[in-house]
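First the structure, in the form of structure tokens, and then the observations on it.
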Amino acid sequence: MASSMLWASRAASYLRISVFHRGFSTVLKDLKYADSHEWVKVEGNSATIGITDHAQDHLGDVVYVELPEVGAAVKQGESFGAVESVKATSDVNSPVSGKVVEVNEELSGSPAKVNSSPYEDGWIIKVEMKDAGELKNLMDSEEYSKFCEEEDSKH
């Protein structure tokens with residue numbers, strides 16, 4: 001196992017991919033994280049949102065993703081949908097406020113993309129942000145990794 005992690009780290013380094021390993025879950029350096037285990041990737045005024053590798057790992061196999069309508073308003077810290085797995089159903093909260101401009105329709109037919117590719121193919125919504133200042137309320141990769149370790153040690 002250690003040798004495969006070393007190989008993956010070397011490959012990521014060679015490909016110039018920023019990856020921070022935390023146990024078995026992956027935390028990407030360029031994203032912001034909410035304490036409810038959602039990530040946000042910001043490009044200009046656009047925010048792509050999904051659930052973290054840590055969250056999908058704890059949920060287990062995802063069987064259904066409830067998506068909001070395009071045009072719906074989302075508010076930081078409030079639920080906009082849900083992810084249903086074989087273990088549980090969990091609300092998905094928005095890490096930023098704004099208007100939904102796109103939803104990942106592929107999740108309707110392939111909800112397991114949330115498990116297999118939580119940071120790429122498994123994204124859930126794209127939002128036109130209302131207030132970029134809200135990003136200050138979120139954690140960076142190191143803070144989120146520590147948060148997960150502390151949370152896991154309580155269980």
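Between the side chain of Glu128 and the main chain of Ser46, no donor-acceptor pair closer than 3.5 Å is present. For Ser110 (side chain) and Leu107 (main-chain N/O), no donor-acceptor pair under 3.5 Å exists by modelled atom type. With hydrogens and angles disregarded, a donor-acceptor distance shorter than 3.5 Å links the side chain of Glu134 to the backbone of Ser97.
Gly71 approaches Lys99 most closely through the heavy-atom pair O-CG, 3.7 Å. When every heavy atom of Met139 is checked against every heavy atom of Glu143, the shortest pair comes out as CA-OE1, 3.3 Å. Heavy-atom minimum distance, Ala82 versus Thr89: CB-CG2, 4.2 Å. Shown here for Ser141 and Leu28, the closest heavy-atom pair between the two residues is CB-O, 3.6 Å. Shortest non-hydrogen contact noted between Val96 and Ala47 is CG2-CB, 4.0 Å.
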**Report entry** Audit row: Ser85, Asp61, side chain to side chain contact (heavy atoms under 4.5 Å, CB included) steps and yes/no
**Finding:** CA-CA 5 Å; Ser85 73; Asp61 294 337; 5.9 Å; no
Requested in this report: Give the C-alpha distance, both sets of side-chain angles, the deciding distance and a yes or no for side chain to side chain contact (heavy atoms under 4.5 Å, CB included) between Glu151 and His54.
Outcome: CA-CA 11 Å; Glu151 191 176 72; His54 181 83; 3.9 Å; yes
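Cluster membership for Tyr64 and Val103, using ILVMFWY side-chain heavy atoms within less than 4.5 angstrom, is not shared. Note: the hydrophobic cluster containing Trp123 does not contain Leu59 (ILVMFWY, side chain heavy atoms under 4.5 Å, direct or indirect links). At a threshold of 4.5 Å between side-chain heavy atoms, the hydrophobic network of Ile, Leu, Val, Met, Phe, Trp and Tyr places Leu31 and Leu135 in two separate groups. Under the 4.5 Å side-chain heavy-atom criterion for ILVMFWY residues, a single connected hydrophobic cluster contains both Phe80 and Leu138. In the hydrophobic cluster analysis, where Ile, Leu, Val, Met, Phe, Trp and Tyr join through side-chain heavy atoms closer than 4.5 angstrom, Ile124 is grouped apart from Tyr119.
Taking CE of Met129 as the start and OG of Ser94 as the end, the distance is 10.5 Å to the nearest 0.5 Å. The CG atom of Asp91 sits 11.0 Å away from atom CD of Glu78, with the distance rounded to the nearest 0.5 Å. Atom-to-atom distance recorded for Asn104:CG and Ile125:CD1 is 11.0 Å, nearest 0.5 angstrom. To the nearest 0.5 Å, the span separating CG on Asp121 from CG on Asn115 amounts to 12.5 Å. With rounding to the nearest 0.5 Å, the separation of CD in Glu102 from OG1 in Thr48 is 8.0 Å. Rounding to the nearest 0.5 Å gives a distance of 7.0 Å between OG of Ser90 and CD1 of Ile51.
Geometrically, Lys41 does not engage Trp39 in a cation-pi contact, judged by NZ or CZ lying under 6.0 Å from the ring centre and within 45° of the ring axis.
Not counting sequence neighbours, the partners of Phe147 by the ring-ring contact (aromatic ring centres under 6.0 Å, His included) test are His37.
Side-chain polar atoms of Asn137 and Gln76 form a donor-acceptor pair below 3.5 angstrom. Side-chain N/O atoms of Tyr144 and Thr52 include a donor and acceptor closer than 3.5 Å.
Considering only heavy atoms from C-beta on, Lys126 stays 4.5 Å or farther from Val100 through its side chain. Using a 4.5 Å heavy-atom cutoff, the side chains of Pro95 and Ile49 are in contact.
Applying the 6.0 Å contact sphere to CD of Glu120 captures no more than 12 heavy atoms from other residues, nucleotides or ligands.
Of the residues listed (Val42, Val40, Val74), the one engaging Val127 in a side-chain contact (heavy atoms from CB on, under 4.5 Å) is Val74, and it is the only one.
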